[in-house]
Number of protein chains: 2
Amino acid sequence: MKPWLLITLYRLAEVTSRPSEPHTTVNIASRLGFSQQTVSRHLIELENQGMIKREKATRGETVRITEKGMNELNKMYHTLHRVIEGPKTELTLEGEVFSGLGEGAYYVSQPIYMRQFQEKLGFTPFPGTLNVRLSKKHLKDRSLLESIGYIEIEGFKNGARSFGAGRCYRVLINEEVEAFVVAALRSHYGEDVLEILAPVNLRERLNLRDGDTVRIGFVR
Amino acid sequence: MKPWLLITLYRLAEVTSRPSEPHTTVNIASRLGFSQQTVSRHLIELENQGMIKREKATRGETVRITEKGMNELNKMYHTLHRVIEGPKTELTLEGEVFSGLGEGAYYVSQPIYMRQFQEKLGFTPFPGTLNVRLSKKHLKDRSLLESIGYIEIEGFKNGARSFGAGRCYRVLINEEVEAFVVAALRSHYGEDVLEILAPVNLRERLNLRDGDTVRIGFVR
DNA sequence: ATTACTAGTTGCCGAGTAA
DNA sequence: TTTACTCGGCAACTAGTAA
């Protein structure tokens with residue numbers, strides 16, 4: 001989404017939160033400090049992208065922010081929340097560290113994944129994942145992930161092999177180290193295993209050995 | 001502040017919330033989807049405006065958002081909070097309605113004020129103010145207003161007369177009607193009086209008569 | 001390596017105006 | 001009245017490159 005459209009959507013939210021008066025492009029323009037023409041163009045673009053819904057009224061039109069548009073604002077809100085209030089965990093799962101066969105490292109090291117981690121997560125990950133097997137008590141809570149925000153990592157094909165898409169959940173390990181849970185959409189592990197990606201070697205940083213328990217706090 | 005700079009500041013907040021790695025313009029650029037040159041320019045502009053502070057590191061540089069920059073983000077955050085969670089009152093004052101001599105209406109009706117109300121508050125106010133005298137119990141709380149956000153209305157000169165600047169606080173009257181408390185910087189009333197501006201006639205809308213008590217909830 | 005200047009291009013903004 | 005198209009101008013972007 002183009003930056004200035006995001007700003008317009010954000011400022012539009014202020015304006016249209018009072019739906020008592022119908023809006024005109026002139027009206028909105030004067031509040032946003034734009035020309036009528038620019039507002040018209042922005043409204044058209046926002047509507048094309050499904051962010052707002054407009055309906056003609058006798059004078060002017062009503063502007064409603066759609067669910068898709070609200071999602072966009074929600075994202076902004078939660079990002080700001082995290083920045084301003086500090087990361088807060090919403091859901092904590094617990095499990096045991098175990099050693100894999102290095103597949104995690106193999107997948108993570110694929111340059112196309114690496115570039116995405118760098119761009120979308122903001123760091124170059126340590127080339128390997130920490131495997132955690134969820135305790136029975138916490139396993140049933142895995143479904144709660146459905147309601148938690150994630151960052152999408154795209155799949156790709158490299159010659160004959162295809163590498164799947166995945167989701168990265170922002171987490172805090174043992175209330176201390178920022179990391180991401182990487183959930184492949186088709187995992188080579190079962191539902192009870194989470195793979196954790198971090199900018200540092202988590203085993204060293206937290207002094208972990210196989211069988212140790214770690215707490216995985218999911219951040220909004 | 002220019003819209004695209006605000007977006008850059010906002011997105012920078014995401015990036016720099018992890019100050020473990022020093023940042024490079026190339027790095028930030030790839031995350032924001034800009035070129036290295038554009039990021040360089042934005043960082044320069046943001047620093048000139050006092051929004052961020054940069055320091056050279058061995059490779060790249062550290063970027064810290066200053067208090068002024070955080071204020072900007074805070075504003076965004078609270079606006080989104082209001083839009084998403086709905087208006088929440090932070091402080092409620094109580095007082096009695098009384099009749100003025102119509103000075104409120106005279107001031108409010110000045111076209112230059114009116115245009116500002118329209119643009120900054122988002123509605124054309126009913127041409128008159130509701131006067132409320134705070135009860136003794138609540139009078140001491142008036143100073144709490146210092147910490148609450150407001151919208152600035154500029155003063156102006158109209159020939160010989162000069163009309164002062166003022167502040168508009170977003171309020172909810174009797175938990176029901178959205179309105180603004182207009183606090184002139186030099187008021188013709190004492191500290192115990194608040195003047196309330198709304199898009200509707202509050203006396204009619206809330207069926208108020210002199211001597212009735214109203215609750216004024218200040219919104220974040 | 002890094003940041004940032006210069007030059008040229010892209011594309012957003014707004015005046016005029018049609019619908 | 002209102003919204004939205006055309007088009008000229010200029011602001012912001014990126015490529016190249018210096019420091």
Side-chain angles (χ1 to χ4, degrees), chain A residues 1-12 15-16 18-66 69 114-115 118-119 122-124, chain B residues 1-12 15-16 18-66 115 118-119 122-124:
Chain A
M1 186 176 190
K2 292 170 185 173
W4 62 92
L5 274 189
L6 188 59
I7 285 283
T8 299
L9 182 67
Y10 156 71
R11 311 230 306 196
L12 210 51
V15 175
T16 55
R18 183 195 314 285
S20 51
E21 300 185 19
H23 308 282
T24 67
T25 48
V26 174
N27 215 297
I28 295 171
S30 84
R31 289 205 68 194
L32 304 201
F34 280 127
S35 69
Q36 176 270 324
Q37 294 89 333
T38 295
V39 168
S40 171
R41 193 161 34 79
H42 282 196
L43 289 181
I44 291 169
E45 292 186 49
L46 283 170
E47 189 163 35
N48 286 343
Q49 300 203 13
M51 300 292 174
I52 62 170
K53 189 84 192 159
R54 299 191 290 169
E55 266 167 43
K56 285 218 149 39
T58 32
R59 83 187 270 118
E61 54 191 29
T62 62
V63 176
R64 195 174 50 77
I65 297 182
T66 63
M114 270 291 187
R115 204 187 52 227
Q118 169 61 38
E119 287 187 9
F123 60 87
T124 308
Chain B
M1 186 175 189
K2 293 171 184 173
W4 63 91
L5 273 189
L6 188 60
I7 285 284
T8 299
L9 183 65
Y10 155 70
R11 309 233 280 167
L12 210 52
V15 175
T16 56
R18 181 195 316 286
S20 51
E21 299 186 18
H23 307 282
T24 68
T25 49
V26 174
N27 216 299
I28 296 171
S30 84
R31 292 204 65 194
L32 305 201
F34 281 127
S35 68
Q36 175 270 323
Q37 294 87 336
T38 296
V39 168
S40 172
R41 192 163 36 79
H42 281 197
L43 290 181
I44 292 169
E45 290 185 52
L46 283 171
E47 189 162 33
N48 285 343
Q49 298 201 18
M51 299 293 174
I52 62 169
K53 189 83 192 159
R54 299 193 288 169
E55 267 167 44
K56 284 216 152 35
T58 33
R59 85 190 266 120
E61 54 191 29
T62 62
V63 176
R64 196 175 50 77
I65 298 181
T66 62
R115 204 188 52 226
Q118 169 62 39
E119 288 188 7
F123 61 87
T124 309

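Naming: A, B, ... by sequence-line order, numbering from 1 per chain. Reckoned from all heavy atoms, side chains included, excluding hydrogens, waters and symmetry mates. Not measured: the values here are computed from a predicted model.
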Q: Any donor and acceptor pair, going by atom type alone, linking the side chain of B:R11 with main-chain N or O of B:L32 inside 3.5 Å?
A: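 Such a contact is found between B:R11 side chain and B:L32 backbone.
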Q: Heavy atoms from C-beta onward define the side chain here; which of C:dG14, C:dT2, C:dC13 lies closest to that of B:T24?
A: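 Output: C:dT2.
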Q: Please check the phosphate of C:dA4 (OP1 and OP2 only) for any side-chain N or O of B:R41 closer than 4.0 Å.
A: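 For B:R41, the contact criterion (side-chain N or O under 4.0 Å from OP1 or OP2 of C:dA4) is not met.
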Q: Please classify the nucleic acid contact of A:S40 as base, sugar-phosphate, or nothing, using heavy-atom distances under 4.0 Å.
A: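 It contacts base atoms.
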Q: Could you check how far CD1 of A:I44 sits from P of C:dG14, rounded to whole Å?
A: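 Answer to the nearest Å: 15 Å.
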Q: With nearest nucleotide decided by heavy atoms, which residue, B:T25 or A:K2, maps closer to the 5′ end of DNA chain C?
A: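 So the residue in question is B:T25.
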Q: Ion pair present between A:E47 and A:R54, side-chain N to carboxylate O less than 4.0 angstrom?
A: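 So A:E47 pairs with A:R54 through a salt bridge.
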Q: For the pair made of NZ in A:K56 and P in D:dT1, what is the distance, rounded to whole Å?
A: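 Result: 17 Å.
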Q: What is the distance, rounded to the nearest whole Å, between atom CG of A:L43 and atom P of C:dC13?
A: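 Atom-to-atom, A:L43 to C:dC13, this comes out as 12 Å.
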Q: Using atom CZ of A:F34 as one end and atom C1' of C:dG14 as the other, report the distance to the nearest whole Å.
A: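 It is 11 Å, rounded to the nearest whole Å.
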Q: Which nucleotide in the set C:dA4, D:dA4, D:dT14 lies at the smallest distance from any side-chain heavy atom of B:Q36?
A: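 Of C:dA4, D:dA4, D:dT14, C:dA4 is nearest to the side chain of B:Q36.
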Q: If you take atom types as modelled and just measure distance, does the side chain of A:Q37 reach the base of C:dG16 with a donor-acceptor pair under 3.5 Å?
A: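 Answer is yes: a donor-acceptor pair is held.
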Q: Would you indicate, yes or no, if C:dT2 has its OP1 or OP2 atom less than 4.0 angstrom from a side-chain nitrogen or oxygen of B:H23?
A: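 False: B:H23 side-chain N/O out of range (4.0 Å or more) of C:dT2 OP1/OP2.
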Q: Taking all non-hydrogen atoms of both residues into account, name the closest pair between B:T25 and B:L43 and its distance.
A: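 Between these two residues, the closest heavy atoms are CG2-CD1, 4.1 Å.
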Q: From CD1 of A:I7 over to P of C:dC12, roughly how many Å is that when rounded to an integer?
A: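 About 16 Å, once rounded to whole Å.
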Q: Atom CG of B:L32 and atom P of D:dT14: how far apart are they, to the nearest Å?
A: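 Taking atom P of D:dT14 as the reference, CG of B:L32 is at 11 Å.
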Q: Could you tell me how far apart A:L46 (CG) and D:dT3 (P) are, to the nearest whole angstrom?
A: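 From A:L46 CG to D:dT3 P: 15 Å.
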Q: Between B:T62 and B:E55, do the side chains contain an N or O donor and an N or O acceptor separated by less than 3.5 Å?
A: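 No.
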Q: Between B:S40 and B:Q36, is there a donor-acceptor pair closer than 3.5 Å when you use the side chain of the first and the backbone of the second?
A: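 Judged by distance alone, no pair lies under 3.5 Å.
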Q: Rounded to the Å, how far apart are A:E45 CD and D:dT3 C1'?
A: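 Atom-to-atom, A:E45 to D:dT3, this comes out as 15 Å.
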Q: How would you label the contact of B:T38 with the nucleic acid (heavy atoms, under 4.0 Å): base, sugar-phosphate, or nothing?
A: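 Counting heavy atoms under 4.0 Å across all strands, the contact made by B:T38 includes a base.
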